[in-house]
Amino acid sequence: MAAPLQHKAQELSSRLPPLLIEAERVAQTVMQGTHGRRRAGPGETFWQFRRYEQGDPAERIDWRQSSRTDKIFIREREYEASQSAYVWADTSGSMHYSSASNLQTKAERAQLLMLALSDLMLRGGEKVTWLDRRSITAHGKNGLKQLASRLGSGQGDSAPPDIPIARHAHVILCSDFLMPPEHLMRMMQRYAALNLSGVIVHVTDPAENDFTFEGRIDMRGLENEMPVLLPNAGSLREAYLREFAVHKERVMHAAQSAGWFYTSHITTELPHLALLRIYDALASKPRSA
């Protein structure tokens, strides 16, 4: 018993340094493209002076700066985002699928995106909680290693745990959302009732989007489903694509019903492009991409 457990632990630990390096590289790429996101708003950090405009409250006038010229200046503070973020990467059975040996599984890509996003948030001074049964909370420069060291390679739950979440927090869920639609809607209704803002990241494999299978195919599920023999897979493509489009529409609707941002991501796409959309969405009005 001890030997297999030790082997599994060593296999997992050997994957963590490359995963951390890749997550930090993806985060760094996104940081280079987000300089234009700074803006005025509620916060404690000074940002800039600007000319007084009619309607500005008098208490925001900076009299010291104004005394140097014949103009009146307002002292603006930089907008500060929520100080708490909750991230979840689905590692349930369906996420351990990859249609090609050179592609990451959906679970690997979800963990990469959420680690990279955590890196960005930790650098910005936010606390990040990894939503799983252990609900790890990290902050500071060692926070990313703390999160990564607790990641598991096995199958997790197909939905995040129902735990208390801080007010005004961001919640980011990364999954294929292959769950009963009513379960997804109940989950999003709960988040909406808590007035939480968030992002749904819908991760898919290219084969799920295109269904390019042909001929006789033995389909085996990853969550203990009964195997299905398809004598002519190509003949089902049109019907499958309709159903898959309905699934994506349901996930998007669930996000929008809670006022959340929805974005889709295929594992053949560059991860930093998805990360940039997620990162920008956290400071934007709800929309879809």
Side-chain angles (χ1 to χ4, degrees), residues 12-38 81-91 95-96 98 102-132 134-153 156 160 169-177 197-206 255 260-284 289:
L12 175 59
S13 63
S14 69
R15 289 176 56 242
L16 286 177
L19 183 63
L20 269 175
I21 292 169
E22 188 174 3
E24 290 173 337
R25 178 184 59 80
V26 171
Q28 187 62 40
T29 301
V30 169
M31 283 193 71
Q32 293 171 1
T34 57
H35 297 302
R37 292 180 65 252
R38 296 183 64 193
S82 168
Q83 291 300 300
S84 296
Y86 294 74
V87 301
W88 177 66
D90 186 354
T91 57
M95 292 290 287
H96 292 274
S98 172
N102 63 337
L103 284 179
Q104 288 182 317
T105 66
K106 293 183 288 183
E108 289 170 336
R109 180 55 61 88
Q111 288 185 331
L112 172 64
L113 288 175
M114 293 300 95
L115 271 181
L117 179 64
S118 299
D119 188 20
L120 287 174
M121 291 179 164
L122 289 168
R123 294 186 194 195
E126 296 194 42
K127 293 187 298 184
V128 177
T129 299
W130 195 278
L131 280 174
D132 63 9
R134 295 165 293 183
S135 296
I136 315 156
T137 299
H139 59 87
K141 62 181 181 180
N142 294 320
L144 190 65
K145 290 182 180 179
Q146 182 184 355
L147 293 176
S149 67
R150 301 288 293 275
L151 295 184
S153 59
H170 293 310
V171 180
I172 304 92
L173 309 179
C174 193
S175 171
D176 57 12
F177 297 98
S197 61
V199 179
I200 273 186
V201 186
H202 191 184
V203 178
T204 59
D205 183 272
W260 285 28
F261 180 94
Y262 167 91
T263 186
S264 59
H265 175 68
I266 305 174
T267 54
T268 48
E269 297 173 343
L270 295 172
H272 73 267
L273 298 180
L275 182 58
L276 183 58
R277 293 196 299 268
I278 300 165
Y279 194 54
D280 281 346
L282 295 174
S284 304

Would you check if the side chain of [X] reaches a backbone N or O of [Y] as a donor-acceptor pair within less than 3.5 Å?
X: S84; Y: A169; answer: no
X: H202; Y: T263; answer: no
X: H139; Y: G125; answer: no
X: R277; Y: S264; answer: yes

Roughly how far apart are [X] [atom1] and [Y] [atom2], rounded to 0.5 Å?
X: L275; Y: H265; atom1: CG; atom2: NE2; value: 10.0 Å
X: K106; Y: D176; atom1: NZ; atom2: CG; value: 3.5 Å
X: I266; Y: L103; atom1: CD1; atom2: CG; value: 11.0 Å
X: D119; Y: L144; atom1: CG; atom2: CG; value: 5.0 Å
X: W130; Y: Q111; atom1: CH2; atom2: CD; value: 6.0 Å

Sorted by chain and number, sequence neighbours left out, salt bridge (Lys or Arg N to Asp or Glu O under 4.0 Å) with D90 holds for none
Just to verify, what does A110 make a side chain to side chain contact (heavy atoms under 4.5 Å, CB included) with, not counting sequence neighbours?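 Side chain to side chain contact (heavy atoms under 4.5 Å, CB included) list for A110, sorted by chain: A89, M95, C174.
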What residues, two or more places apart in sequence or in another chain, satisfy side chain to side chain contact (heavy atoms under 4.5 Å, CB included) together with A255?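 For A255 the side chain to side chain contact (heavy atoms under 4.5 Å, CB included) partners, ignoring immediate neighbours, are I200, W260, Y262.
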Please lay out, stage by stage, how L117 and V201 fare under the test side chain to side chain contact (heavy atoms under 4.5 Å, CB included). CA-CA 12 Å; L117 179 64; V201 186; over 6 Å; no
M114 and I278: CA distance, side-chain angles, deciding distance, side chain to side chain contact (heavy atoms under 4.5 Å, CB included) verdict: CA-CA 10 Å; M114 293 300 95; I278 300 165; 4.3 Å; yes
Apply the test side chain to side chain donor-acceptor pair (under 3.5 Å) to residues T137 and T129: give CA-CA distance (whole Å), side-chain angles for both, the deciding distance (0.1 Å), then the verdict. CA-CA 4 Å; T137 299; T129 299; 2.8 Å; yes
Looking only at heavy atoms, the pair that brings S118 and V87 closest together is OG-CG2, 3.8 Å
Nearest heavy-atom pair of I136 and Q146: which atoms, and what distance?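 Minimum heavy-atom contact is CG2-NE2, 4.0 Å.
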Is the closest side-chain heavy-atom distance between M121 and I172 below 4.5 Å? yes
